[in-house]
**Q** 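Input: one structure, supplied below.
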Number of protein chains: 2
Amino acid sequence: MESLRESGHKMKQKSKPARPKATIFDVAEHAGVSIKTVSRVVNKEPNVRQQTRDKVLESVGALRYQPNAAARELSGKRSRIIGLIYENAEEFSYLNDVFNGALGICEPAGFSLLLRPLTLPDPDIADRIRQFATNARVEGVVLPAPMGDLPGVAALLREMRIPFAAITPREADPDEINIHCNDEAASFSLTELLIEQGHRAIGFIKGHPDHGASAKRFAGYRRALKTHWIAYAPRLVRQGYFDFDSGRAATGRLLDLAEPPSAILASNDDMAAGAIFEARERGLAVPGELSIAGFDDTRFSTRIWPPLTTVRQPIIQMAQTAAALLIDKLNGRAPAAPRTTFECEVVIRDSTAPLC
Amino acid sequence: MESLRESGHKMKQKSKPARPKATIFDVAEHAGVSIKTVSRVVNKEPNVRQQTRDKVLESVGALRYQPNAAARELSGKRSRIIGLIYENAEEFSYLNDVFNGALGICEPAGFSLLLRPLTLPDPDIADRIRQFATNARVEGVVLPAPMGDLPGVAALLREMRIPFAAITPREADPDEINIHCNDEAASFSLTELLIEQGHRAIGFIKGHPDHGASAKRFAGYRRALKTHWIAYAPRLVRQGYFDFDSGRAATGRLLDLAEPPSAILASNDDMAAGAIFEARERGLAVPGELSIAGFDDTRFSTRIWPPLTTVRQPIIQMAQTAAALLIDKLNGRAPAAPRTTFECEVVIRDSTAPLC
DNA sequence: GTTTCGTTTGACAGCGCTGTCAGATTGCTG
DNA sequence: CAGCAATCTGACAGCGCTGTCAAACGAAAC
């Protein structure tokens, strides 16, 4: 019990005024126990008498002890680092929420979050991810859309035996952590709203084909038409790529039609903004002559004029859940529900109006 | 030379198929040198014969050796982690660029970037930063605006002896890394543009008083007026806070004036968007009846209608420089120019027009 | 009072790397 | 060719923590 620290831990009384950080030895000495017991208490391991636990905790507090992460990792093989691999797209408000949600869970849980932006498409994506995972020694990875949609990414992570949580509508193995929201239902509701407003010719701008959400949103649109006995017209559907310009271009083609739609549903807000822009360029009043709706409720949607009718996803919550489930898994606790669905909410603003 | 690895490093031939990662011992054995020599080569230390160096490098390649970061940190006291403390504001495109710029430099240099969002104002900011720095064991910190403007933050970091690079117009100690752009000059140019377009009554919406950029931008506005012999009218200046709503409100008050301005210069794009929104609500044509200019050239500024005349800062480059100079400092190389100024660029779009 | 078994605690050996310092080698000078 | 400094290389001791395993302890069972 006495010869702790015989190796001269705190010998170095350098000029630096900052007192040397307390180590596990200091705490052990202070509490009158062995370092192993301190380790047990700090790591919330069982089989420590309550009285001992309290004593140690007191010392921890008194010395402001904080475990050294590097030593922990070296010794215990756990880095407590989670990677966040995302597409480095222009639209960022989605990612902002993802960052905040994930960070908010990681920090209190003692995990660090490491960012890894990727520019898609990327032929070397596998190498890059492999390198990231190795270099950054991440224990697990969060995969916000559309990263989780990419077939290779999930497979690679699985092969590397790195647990991951994917935020994506893609169907996944039942034991994989998957967070998504009911894009299809939300799209259905939004389309239904337009139908109830009297619109019959409703244009639809599809999202990027590589994003799982695109198909779901399109499916919701079609189901709504069907439910309301409106014939599906392929000419009213255009391919977009989730960006402003493609939304604008698709809108242009829709408006050039002999019988243009009286409403356009864009698969995301960026494209909806492009639609509004195009309408304005053509002198069309929104929503007077053309109703426009988007998807995502980016910060954006209340900044433009008119404020956008759109669909809000609980991104922050979704990211929180993804991080939480992933951490559970890393900590060896079986996730309660590896596959979690969230509800979207239609937000009605001024860019849509009854057909008159 | 023989008894390397006597401690049985690779004894564990567990069921896991992944081959055990090569350690410095493996490389040493393979190259027929001591681990210390491998360490020297890997860390690019001097005093290794070229021939030896080549031999080691070859083994490193053959075994795909990657140093264990935790061991390095534990032993060498270097974490190779840089913190990025930022205000968790709604406007994110600025941060997107900061992240990308910093990340792009950190990664090739072997550094990780750890995020720490903070919601301002925050009475416990000092504790939070202290905890972040300790827990995350960051070696250095990047401080994008407005973090670098906060008087307490820089002082705290200095006290903790954590090197930092501040992206802020605030005047700093000459040996502190400071990255900024000439806000004042850009504001001057932008104001001058409006004056040249015939505007005389030019409204100005100030930025958040805690942001260093606010004062600079205002100063540029005043200097331009002075240069062109236009009297400064305090009634044309309103306080904003860099957010959409404050921009909108300030614009409302400006337009309520008996003699409203024919142009409004907002200290950032968000407020300019608010100004455009307000103008539209009042049925004022932009730029026909009111010219509006912003600042920052967010992604936003080409999405709204009309596209915004604004000022573009080379954020990515600024963040890159901040990270690069910080890493230089951490690596013991004296930064070339700790205080670096970048040029802004006025981007003329459609929200401003000659007064007719 | 003793045995038994589960609970609590501690000693100690690494984890993979770098810093220190001493020893080996090389290149010059006289 | 000795003598000496400059250059290279290696042995070894940690860095602070966790995993392993054995010892100590305590309560229940005999």
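Since we're looking at a predicted model, the values are computed, not measured. Letters A, B, ... are given to chains in the order of the sequence lines, protein chains preceding strands, and every chain is numbered from 1.
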**Q** Would you call B:E176 and B:R339 a salt bridge, taking side-chain N to carboxylate O under 4.0 Å as the test?
**A** no
**Q** Just checking, is any N or O donor in the side chain of B:N331 or B:R80 under 3.5 Å from an acceptor N or O on the other one?
**A** no
**Q** For B:S39 and C:dC17, is the shortest distance between a side-chain N/O and OP1 or OP2 below 4.0 Å?
**A** no
**Q** When the distance from CG of B:N43 to P of C:dT18 is rounded to whole Å, what number comes out?
**A** 4 Å
**Q** Would you kindly give the NZ-to-P distance between A:K36 and D:dA22, to the nearest whole Å?
**A** 15 Å
**Q** Calculate the interatomic distance between B:I24 atom CD1 and D:dA13 atom C1'; express it in whole Å.
**A** 15 Å
**Q** By the 4.0 Å heavy-atom rule, please label B:P67 as base, sugar-phosphate, or nothing.
**A** sugar-phosphate
**Q** What is the distance from CZ of B:R78 to C1' of C:dG16, rounded to the nearest Å?
**A** 18 Å
**Q** When the distance from CG of A:L74 to P of C:dC15 is rounded to whole Å, what number comes out?
**A** 9 Å
**Q** Quick one: B:D26 CG to C:dC15 C1', roughly how many Å, whole number?
**A** 14 Å
**Q** Name the residue closer to the 5' end of DNA chain C, choosing between B:V38 and A:R49 according to the nucleotide with the nearest heavy atom.
**A** A:R49
**Q** Pull out every residue in residues 50-62 of chain A that has a heavy atom closer than 4.0 Å to any atom of DNA chain C, ordered by number, or say none.
**A** A:T52
**Q** With a cut-off of less than 4.0 Å, is there a side-chain N or O of B:T37 near OP1 or OP2 of D:dG10?
**A** yes
**Q** Tell me whether A:E73 is salt-bridged to A:R78, with the criterion being a basic N under 4.0 Å from an acidic carboxylate O.
**A** no
**Q** Send over the distance from B:E45 CD to C:dT18 C1', rounded to a whole Å.
**A** 8 Å
**Q** Would you compute the distance between atom CG of A:D54 and atom CZ of A:R49 and round it to the nearest 0.5 angstrom?
**A** 11.5 Å
**Q** Ion pair present between B:E107 and A:R116, side-chain N to carboxylate O less than 4.0 angstrom?
**A** yes
**Q** Ignoring hydrogens and angles, does a donor from either the side chain of B:S75 or the base of D:dG14 sit under 3.5 Å from an acceptor on the other?
**A** yes
**Q** For the side chain of A:A71, starting at C-beta, report the closest nucleotide among C:dC17, D:dG16, D:dG10.
**A** D:dG16
**Q** Over 60° means perpendicular and under 30° means parallel, so classify the ring planes of B:F99 and B:Y86, tilted if in between.
**A** perpendicular
**Q** When you get a sec, tell me which of C:dG10, C:dC17, C:dT20 is the closest nucleotide to the side chain of B:R40?
**A** C:dT20
**Q** Apply side chain to side chain contact (heavy atoms under 4.5 Å, CB included) to the pair A:V41 and A:K55, showing each step before the final yes or no.
**A** CA-CA 10 Å; A:V41 172; A:K55 203 168 52 180; over 6 Å; no
**Q** Between A:Q131 and A:D127, is there a side-chain donor-acceptor contact under 3.5 Å, judged purely by atom types and distance?
**A** no
**Q** Less than 4.0 Å between a side-chain N and a carboxylate O, is that true for A:E58 and A:R53?
**A** no
**Q** Which nucleotide sits closest to the side chain of A:N68: C:dG10, D:dG16, C:dT18?
**A** D:dG16
**Q** So how far is it from A:I81 CD1 to A:L330 CG, rounded to the nearest 0.5 Å?
**A** 12.0 Å
**Q** Note the angle between the end axes of the helix from C:dG1-D:dC30 to C:dG30-D:dC1, five pairs defining each, rounded to 10 degrees.
**A** 40°
**Q** Using a heavy-atom cut-off of 4.0 Å across all strands, would you classify A:N47 as base, sugar-phosphate, or nothing?
**A** base
**Q** Measure CD/B:E29 against P/C:dC17 and give the value in whole Å, please.
**A** 14 Å
